[in-house]
Peer 1: 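This structure is in structure tokens; I'll ask about it shortly.
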Protein chains: 2
Amino acid sequence: MAQPWQEAPSTADAAVFRPVRAGNAFEETVERLLQAIRLGVAVPGERLPAERELATRLGVSRVTLREAIRSLQQAGYVESRRGRYGGTFVNEVLPLPQPTSDRGGGADLADALTLRQVLEAGAAEAAAGRSLGQNDRRNLRARLAECVAADVGEYRRRDSRLHLAIAEATGSASLTAAVADVRMRTNELLDAIPLLEPNLAHSNEQHERIVTAILDGDAEAARREMAEHLSGTAALLRGFLS
Amino acid sequence: MAQPWQEAPSTADAAVFRPVRAGNAFEETVERLLQAIRLGVAVPGERLPAERELATRLGVSRVTLREAIRSLQQAGYVESRRGRYGGTFVNEVLPLPQPTSDRGGGADLADALTLRQVLEAGAAEAAAGRSLGQNDRRNLRARLAECVAADVGEYRRRDSRLHLAIAEATGSASLTAAVADVRMRTNELLDAIPLLEPNLAHSNEQHERIVTAILDGDAEAARREMAEHLSGTAALLRGFLS
DNA sequence: CCCTAATGGTCTAATGCGAAACCATTGAGG
DNA sequence: CCTCAATGGTTTCGCATTAGACCATTAGGG
């Protein structure tokens, strides 16, 4: 209890002296596989890459990857089969996400929402301001259609998948990765509040406008529509977790 | 040479199956300490936090932290003194950054520039759209003044420090961290091209307009001015590293 | 003048993790 | 029916990293 404030407030070193790694290799690998499933990148029934290849891509030893997979098996997310044409498959029925018990609190909520707003509105604008190839255009339209055709149980995953496609359309791998990460954080929070049919329809209308703006190359509109789209759920979250 | 395309293009898994960690603990710790120095968070002559505290904050063992510090000593960045009121101090004269030998190439350049544009323009807008406290306002003005008073040798660090202060003003720790990271990447590229006096003056005028917009709460202007500010160096880089 | 607290410097035991080899299983195709 | 290739499953060895205790040095305060 010597001094109330240590030395000086000397800002910004909180950002640069933050922890070097979020957890051990095992935990981070589990998190990443969960990301693939919950963001709809790995679809139910689909096979994950073979262990040897996946371990290489994740930059992790096969032993560590297998431990992660095993814990996902026990949690009911995946199932593994041996032999040629075997592999690890995403289950058709997935466990319900736990309400996360309000961990993090309000500070973390504002942090995630601010970052999401910046990343995703910026991604929409950047994607619109670029000449997209056939692949990107097809990808956007396909993901949009999947959202429209989704029922309540699948919506969260397909919604995430569309937003990821928008980030991909910027051509920036780092930006795409950042969007995937922040989306995992916000999805965790969104699991605490119910997903209703009317919201779903409204969301689809906004998606339509966003994708149209991007395909038309209207960067200003893309940003505006995305910002409005996000502010909806942001307000919802702030209300629920006040 | 069985199939030209493996299975399906199935996009977005490149983002989610990217490497879990950027390197080993030692390398990442070195990178983080360099970040503190090169972004002007740790000022020449200043003392870093004590090893025990710093190791805790970085989430790394003291042994690993000390190895990182030792390699920075050998590179001429810091010096350590024992005894009470000792510590590790940033050198007054710092080594010149190596021209990085064009590693990464064009794809990496576009990636970094896109991400920077999104993060920093978004940060300026978010900061302006928030009611800032006395600390944030003072911080912004102080960093701006330091830029104006800087000569060529210090400019890059003080410039980074100002941009970091803007990110901090958003109140989002994650966003601040992301800005710090992308800034390290772009600074590495900027080291390949010379820093001229006229650019410096022009940069200061833009900084002035950005900070004013933020302090006035004019989000639209803050975004616009920041976007223009960034597009200048972006064009410069694209020209040099074509 | 000595004592003490805070710092960097060193050592050791335990563990996480990766690399690589090898085993077991499966289904397609000859 | 057999063979083979691709997959998950297992084991072993070695290095990286951690946690914790302990040593050495320094400057200020009694």
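First the proteins, then the strands, lettered A, B, ... as listed; each starts at 1.
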Peer 1: Using atom types as modelled and distance alone, determine if a side-chain donor or acceptor of A/Arg38 lies under 3.5 Å from a backbone N or O of A/Met184.
Peer 2: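 Absent.
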Peer 1: Carefully, step by step, assess B/Ser174 and A/Arg185 under the rule side chain to side chain donor-acceptor pair (under 3.5 Å).
Peer 2: CA-CA 11 Å; B/Ser174 311; A/Arg185 291 177 60 188; 2.9 Å; yes
Peer 1: What is the 5' to 3' range of DNA chain D, first to last nucleotide, that sits under 4.0 Å from any heavy atom of chain A?
Peer 2: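 Range of nucleotides within reach of chain A: D/dA5 to D/dT11.
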Peer 1: For a quick check, with a 4.0 angstrom heavy-atom cut-off, what is the B/S/- contact string for nucleotides 8-17 of chain C, read 5' to 3'?
Peer 2: BBBB-----S
Peer 1: Taking it one step at a time, do A/Thr88 and A/Ser80 satisfy side chain to side chain donor-acceptor pair (under 3.5 Å)?
Peer 2: CA-CA 4 Å; A/Thr88 301; A/Ser80 294; 3.0 Å; yes
Peer 1: With rounding to the nearest 0.5 Å, note down the distance linking CD in A/Glu146 to CD in A/Glu154.
Peer 2: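 Rounded to the nearest 0.5 Å, the CD-CD separation comes to 9.5 Å.
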Peer 1: Just how far, in rounded Å, is P of C/dT7 from CZ of B/Arg84?
Peer 2: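 Whole-Å distance recorded here is 8 Å.
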Peer 1: On a heavy-atom basis, which atom in A/Thr29 and which in A/Ala68 lie closest, and how many Å separate them?
Peer 2: CG2-CB, 3.6 Å
Peer 1: Atom CD of residue position B/Gln73 - does it have more than 12 heavy atoms of other residues, nucleotides or ligands inside 6.0 Å?
Peer 2: yes
Peer 1: Looking only at non-hydrogen atoms, find the nearest pair between B/Ala180 and B/Leu39 and report the distance.
Peer 2: O-CD1, 3.5 Å
Peer 1: To the nearest 0.5 angstrom, please state how far the SG atom of A/Cys147 sits from the OH atom of A/Tyr155.
Peer 2: 5.0 Å
